[in-house]
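First comes the structure, then the notes that go with it.
Each residue takes its place number in the sequence, starting with 1.
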Amino acid sequence: MLIHMRTTLVIDDHLMRQLKAEAAREGRTMSDLVETSLRAMLGRRPPKQKLPPLPTFNSGGARVDVADRDALYQLMEGR
């Protein structure tokens, strides 16, 4: 059993004229053309790509305890 859903679409007048003409030319309904077009568009989605891993690095460790304000200022001032 097929289930069809009715819906309302807002379509540009020029595009609607083209749709009507194409449906008449092919002897198909406008609904059939729209459904076929949507299936084609939605079926060609590119496959999801696996993202490469993020780069990692070794910072060499902390040079100062950031909670020690005086030590942090001394490092920033180059002392």
Listed pairs under 3.5 Å, donor-acceptor, residues 46-62 side chains, sequence neighbours left out:
residue: N58; atom: OD1; partner: G60; partner atom: N; Å: 2.9
residue: S59; atom: OG; partner: G61; partner atom: N; Å: 3.4

If you measure from CE on M41 to OG1 on T36, what distance do you get to the nearest 0.5 Å?
->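 Going from CE on M41 over to OG1 on T36, the span is 13.0 Å.
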
Rounded distance (nearest 0.5 Å) linking atom CG of D65 with atom CG of D70 =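 Atom-to-atom, D65:CG and D70:CG are 11.5 Å apart.
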
List the atom pairs, donor and acceptor, that lie under 3.5 Å between side-chain atoms in residues 3-14 and the rest of the protein, sequence neighbours left out.
residue: D12; atom: OD2; partner: H14; partner atom: N; Å: 3.1
residue: D12; atom: OD2; partner: L15; partner atom: N; Å: 3.3

How close do V64 and A71 get, heavy atom to heavy atom, and via which atoms?
->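 Minimum heavy-atom contact is CG2-CB, 3.4 Å.
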
Can you list every salt bridge (charged side-chain N to carboxylate O under 4.0 Å, His left out) pair that touches residues 15-35, not counting sequence neighbours?
->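 Qualifying pairs: E22-R25, E26-R28, R28-D32, E35-R39.
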
